[in-house]
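Computed from a predicted model, the values in this text were never measured in an experiment. Lettering of chains follows the sequences in order, A, B, ..., and the numbering in each one begins at 1.
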2 protein chains.
Amino acid sequence: MQVTDTVQDYLKTIYSIARAGDGVHTTVIADRLKVSPASVTSMIKRLSALGYLTYTRYQGVELTDSGTEIALEVIRHHRLLELYLHHSLGIPWDRVHDEAEVLEHAISEDLEDAIARILGDPTHDPHGDPIPPKSGVYLEVLHDTLEKAEPGPVRVERVSDRDPEVLRHLAKIGLQPGTEIVIERKDPYGGPVWVKVGKRRHAMGTELTTKVYVSKVER
Amino acid sequence: MQVTDTVQDYLKTIYSIARAGDGVHTTVIADRLKVSPASVTSMIKRLSALGYLTYTRYQGVELTDSGTEIALEVIRHHRLLELYLHHSLGIPWDRVHDEAEVLEHAISEDLEDAIARILGDPTHDPHGDPIPPKSGVYLEVLHDTLEKAEPGPVRVERVSDRDPEVLRHLAKIGLQPGTEIVIERKDPYGGPVWVKVGKRRHAMGTELTTKVYVSKVER
DNA sequence: ATCTAAGTTTAGACGCATCTAAATTTCCTG
DNA sequence: CAGGAAATTTAGATGCGTCTAAACTTAGAT
Ligand SMILES: [Mn+2]
Ligand SMILES: [Mn+2]
Ligand SMILES: [Mn+2]
Ligand SMILES: [Mn+2]
């Protein structure tokens with residue numbers, strides 16, 4: 001029994017669901033990986049037997065230390081690759097995710113190191129996600145989404161990298177990690193959030209506001 | 001039924017056995033891919049059903065046009081990647097083969113194009129193997145090995161890329177594709193071939209001479 | 001507290017890719 | 001050209017990763 005690409009994807013996905021604060025239930029994993037819940041249950045049993053997670057039937061799973069280690073390794077590959085593809089190969093930021101999804105399983109430790117060295121041991125990928133270090137402590141800070149943040153000046157910390165269309169739109173209005181924007185008004189009942197990006201004002205729906213993570217900024 | 005990584009490896013391997021002029025028999029494929037002959041037979045049947053090769057029981061196989069197309073696509077990926085890894089990432093030439101063996105299945109057409117563009121549409125990989133063009137005619141020239149070549153001045157055209165130790169040794173004595181050397185003497189009965197590389201003379205055994213391909217050079 | 005809907009697991013199946021052991025075919029050698 | 005060795009195929013099995021349909025458990029609503 002070995003750590004296949006599929007096993008890596010399960011562990012990575014479980015890690016990122018848990019990190020978002022949600023309980024890690026069968027259907028959530030199934031949705032993310034686009035497989036049936038039955039497939040997830042069967043894989044969970046294997047991962048549990050391999051010692052990568054603990055499993056309480058009907059209740060969900062939790063990664064063990066060794067499961068977390070593998071998850072972080074794959075996530076490091078993924079985010080280093082996204083940055084490399086964007087930076088060194090000029091792949092547009094809305095396309096790096098899908099490429100990295102495959103390549104993350106294909107690079108050796110040597111290649112990982114070469115890429116990290118060329119990039120100068122970077123700390124964040126093009127979408128603002130932190131890159132786990134090769135070794136040592138790692139802690140992901142949780143930011144609020146635009147949907148939940150209070151009005152006022154904020155810095156864009158991170159954008160969800162899974163929807164290319166959203167990324168293209170965000171790029172078009174000049175909104176990237178690092179950009180400072182102002183939340184001017186939040187209409188009630190799921191209405192748009194009004195933000196000022198540079199000199200322009202935009203009304204952003206939940207489709208967008210749940211995918212942009214920000215932090216308050218003092219002015 | 002889809003073109004898996006394994007299917008790609010079989011087609012690539014069959015192509016390269018056929019190109020070397022040998023008949024493509026079950027055991028040869030099995031040896032190359034390090035699987036059992038029984039596995040090869042079973043895969044051959046599938047590839048035949050998929051229309052990628054023609055198969056005469058007990059006699060061997062021959063790629064169809066569509067099989068050849070896939071083989072060349074994978075070989076293009078492999079050789080572009082070897083060159084890219086060596087050139088742009090500084091991976092030593094004795095290690096690029098194993099990396100490329102995995103990555104060849106993981107890059108998209110977009111990424112292939114980006115790599116080719118950055119390298120300036122190269123025609124040969126670091127071991128002297130020609131890179132099949134994206135489209136259009138492609139013909140691999142067959143060169144003699146040092147073992148079979150006549151004494152006299154020759155140019156190194158290609159070295160086998162599969163044995164890292166051999167590659168390291170060849171690099172150490174300064175022998176790469178493009179190097180001009182002189183075959184001074186060939187001892188009979190599988191004895192060493194004496195070659196002059198630069199100012200040094202080397203006695204090369206069959207372990208080496210079967211892995212270096214040369215062409216006669218006029219002086 | 002009971003019922004029911006949602007979530008989860010089990011049962012049984014399938015295709016891929018591989019193996020070993022046994023049967024078959026080819027082909028070389030004496 | 002007969003017999004045996006080598007090559008090849010067949011038979012039967014296994015693990016992975018997935019599915020659908022059916023059974024079961026949990027938890028929320030009345
Ligand atoms: Mn993946
Ligand atoms: Mn990312
Ligand atoms: Mn391969
Ligand atoms: Mn090569």
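- Against DNA chain D, the stretch residues 33-50 of chain B makes heavy-atom approaches under 4.0 Å through P37(B), A38(B), T41(B), K45(B).
- Of the residues in residues 9-28 of chain B, those with a non-hydrogen atom less than 4.0 angstrom from any atom of DNA chain C are Y10(B).
- Among residues two or more places apart in sequence or in another chain, the salt bridge (Lys or Arg N to Asp or Glu O under 4.0 Å) test is passed with D98(B) by none.
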Sequence neighbours excluded and cut-off under 3.5 Å, please list the side-chain donor-acceptor pairs for residues 118-125 of chain A, or say none.
from    : atom 1 : to      : atom 2 : distance (Å)
D125(A) : OD1    : H127(A) : N      : 2.7
D125(A) : OD1    : G128(A) : N      : 3.1
D125(A) : OD1    : D129(A) : N      : 3.0

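- H97(A) has its ring centre less than 6.0 Å from the ring centre of H78(A).
- Close approach of DNA chain C to chain A, defined as any atom under 4.0 Å from a non-hydrogen atom of the protein, starts and stops at dG7(C) to dT10(C).
- Remark: K134(B) pairs with E109(B), E112(B), D113(B) by the salt bridge (Lys or Arg N to Asp or Glu O under 4.0 Å) rule, at least two apart or across chains.
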Please list every donor-acceptor pair under 3.5 Å in which a side-chain atom of residues 38-54 of chain B meets a protein atom from a residue at least two apart or in another chain.
from   : atom 1 : to     : atom 2 : distance (Å)
S39(B) : OG     : S36(B) : OG     : 3.0
T41(B) : OG1    : P37(B) : O      : 3.3
T54(B) : OG1    : E62(B) : O      : 3.4

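- Q176(A) pairs by the side-chain hydrogen bond (donor to acceptor under 3.5 Å, both in side chains) definition with nothing, not counting sequence neighbours.
- Within the structure, the salt bridge (charged side-chain N to carboxylate O under 4.0 Å, His left out) test picks out no pair touching residues 23-32 of chain B (sequence neighbours left out).
- Applying the salt bridge (Lys or Arg N to Asp or Glu O under 4.0 Å) test to D187(B) and every residue at least two apart in sequence or in another chain returns R185(B).
- Between the CG atom of D5(A) and the C1' atom of dG15(D) there is a distance of 16 Å, rounded to whole Å.
- For E147(B), there are no salt bridge (Lys or Arg N to Asp or Glu O under 4.0 Å) partners two or more places apart in sequence or in a different chain.
- Going from atom CZ of R57(A) over to atom C1' of dT25(D) covers 9 Å, rounded to whole Å.
- Here H143(A) pairs with nothing under the side-chain hydrogen bond (donor to acceptor under 3.5 Å, both in side chains) rule; sequence neighbours left out.
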